[in-house]
Amino acid sequence: MSPPEPCPPPPSRPPDPCPPEPCPPRKESAAVQQPVDSSTGTTTDPDADDTIDLHLPEELVAAFTAPESPDPPEPSDFIGPSSASSPSGPSRPADGPALLDGPDLLDGLAGWGPVGTDAGPFQLVPVRLERDLRLLVGWMNDPAVAAFWELAGPAETTAAHVRAQLDGDGRSVPCLGVLAGTPMSYWEVYRADLDPVARYYPARPHDTGLHLLIGAVAQRGRGLGTALLRAVADHVLDHRPSCARVVAEPDLRNTPSVAAFLGAGFRFAAELELPDKRAALMIRDRSLCDVL
């Protein structure tokens, strides 16, 4: 018996007509570079392949590294109506921070400029203590004023009251009222919605409050306060688009003051029991300006 024939070998696999091409070597993008420490010359990022080294134009770098501009110049002693709106913008009070440093809570009051009244052009000029303190102390020591403002006494009493506003965050700005170039009244324009008074009435965002005294005795009792209140309230609404109401809280005992607000288009809204007085809440609404 003859031995079995061995199994024939399996046919060999024909070569692949399209052999795979070897992977090309990785090419680095020209925009991708390894960050290098300029002092040592060594790479600083372990994931250097994924780090983009951005090169800013020299002009852009210079814009971010330019020195700060100097403080704006101080205004002349009492800015007349013709020179109020200077191109340099609002001034920096000597006794407090710049009115436009950081968030401006009263929309650049110092740069609002004059407003016309029947008695002449009128302007709110932010107080500077080294210039205005003597005048303010004289007004605060007038018995008719002291009865309601309660700031009679030495100069430091008035200075402390004003300085607290100048050193604050800008929510209250003390101003001289300058009529036809002559300082004749003192004003405080303040954010009523950020003031403690907001705890005593239903405040709305951006409510703006007014405090006022007529300092010059000769200017009292002839309707001037009414005219100025209307002009200033509308001036506030013109320059503060977010504000829908101007408010005030005169002492209820101060009948001439309450009457002046009513004559200026404010409405009596409520009586308020404040810590230091019983007050009349007076409101001038933007929506009623054409009616009242």
Side-chain angles (χ1 to χ4, degrees), residues 72-86 88-96 99 106 108-149 151-152 155 157-159 161-163 165-166 172-190 209-236 238-239 246 248 250 254 256-257 259-261 263-265:
E74 295 289 345
S76 57
D77 268 356
F78 285 108
I79 307 174
S82 61
S83 61
S85 301
S86 63
S88 60
S91 62
R92 178 190 296 267
D95 301 275
L99 294 178
L106 283 167
L109 182 152
W112 289 359
V115 60
T117 73
D118 291 341
F122 180 80
Q123 184 177 349
L124 295 174
V125 178
V127 166
R128 285 166 43 193
L129 278 179
E130 80 284 359
R131 178 193 66 191
D132 307 324
L133 181 58
R134 180 178 297 181
L135 180 64
L136 293 177
V137 170
W139 291 346
M140 294 301 182
N141 279 278
D142 182 325
V145 173
F148 299 105
W149 282 76
L151 292 174
T157 301
T158 298
H161 175 80
V162 174
R163 190 179 296 116
Q165 298 171 78
L166 295 175
S172 181
V173 179
C175 297
L176 287 181
V178 181
L179 180 63
T182 301
M184 45 72 64
S185 54
Y186 172 71
W187 299 71
E188 292 171 354
V189 184
Y190 65 99
L210 297 177
H211 294 148
L212 159 70
L213 69 87
I214 302 294
V217 176
Q219 305 282 18
R220 300 176 193 164
R222 55 191 190 93
L224 185 57
T226 298
L228 295 182
L229 279 170
R230 181 182 291 272
V232 170
D234 291 353
H235 207 39
V236 168
D238 286 344
H239 288 275
V246 179
N254 193 347
S257 179
F261 279 102

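In what follows, every heavy atom counts, from backbone to side chain, and hydrogens, waters and symmetry copies are set aside. Only a predicted model underlies this, so the values are computations on that prediction, with no experimental measurement involved.
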In this structure, CG of Leu136 is separated from NE2 of His161 (nearest 0.5 Å) by 9.5 Å
With sequence neighbours left out, the residues meeting side chain to side chain donor-acceptor pair (under 3.5 Å) with Arg134 are none
Smallest heavy-atom separation, Ile214 atom then Gly225 atom, equals CD1-CA, 4.4 Å
Checklist entry - Hey, does the side chain of Arg230 reach the backbone of Thr117 with a donor-acceptor pair shorter than 3.5 angstrom? => result no
Here the pair of heavy atoms bringing Pro174 nearest to Val162 is CG-CG1, 3.9 Å
**Study point:** Criterion side-chain contact (heavy atoms from CB on, under 4.5 Å) on Gln165 and Tyr190, from CA distance to verdict
**Key:** CA-CA 10 Å; Gln165 298 171 78; Tyr190 65 99; over 6 Å; no
Residue set satisfying side chain to side chain donor-acceptor pair (under 3.5 Å) with Thr158, at least two apart, ordered chain then number -> none
side-chain contact (heavy atoms from CB on, under 4.5 Å) between Cys175 and Leu109, intermediate numbers included:
CA-CA 10 Å; Cys175 297; Leu109 182 152; 3.6 Å; yes
Here the pair of heavy atoms bringing Leu212 nearest to Ser185 is CD1-CB, 4.1 Å
Contacts satisfying salt bridge (charged side-chain N to carboxylate O under 4.0 Å, His left out) that involve residues 178-189 (not counting sequence neighbours) are none
Closest non-hydrogen contact found for Ala264 with Leu229 is CB-CB, 3.7 Å
Separation between CZ (Phe261) and CG (Asn254), nearest 0.5 Å, reads 9.0 Å
May I ask you to test the Pro183-Asp132 pair for a side-chain heavy-atom distance under 4.5 Å? no
Practice item. Determine, stepwise, if the pair Val125 / Arg131 fulfils side-chain contact (heavy atoms from CB on, under 4.5 Å). Key: CA-CA 12 Å; Val125 178; Arg131 178 193 66 191; 3.8 Å; yes
Applied to residues 212-236, the ring pair (Phe, Tyr, Trp, His ring centres under 6.0 Å) test, sequence neighbours excluded, yields Trp112-His235, His235-His239
Q: Start with the C-alpha distance between Leu228 and Trp187, add both sets of side-chain angles, then the distance that settles side-chain contact (heavy atoms from CB on, under 4.5 Å), and finish with yes or no.
A: CA-CA 11 Å; Leu228 295 182; Trp187 299 71; 3.9 Å; yes
Heavy-atom closest pair (Ala119 atom, Leu224 atom, distance to 0.1 Å) is CB-CD1, 3.7 Å
All heavy atoms of Thr157 vs all of Leu151, minimum pair found to be CG2-O, 3.7 Å
Here the gap from Phe122 atom CZ to Met184 atom CE, rounded to the nearest 0.5 Å, amounts to 6.5 Å
Those residues at least two apart in sequence (or on a different chain) that pass side chain to side chain contact (heavy atoms under 4.5 Å, CB included) with Ala259 are none
So CG of Leu176 and CH2 of Trp139: to nearest 0.5 Å the spacing works out to 5.5 Å
Sorted by chain and residue number, the side chain to side chain donor-acceptor pair (under 3.5 Å) partners of Arg220 (sequence neighbours excluded) come out as Asp142
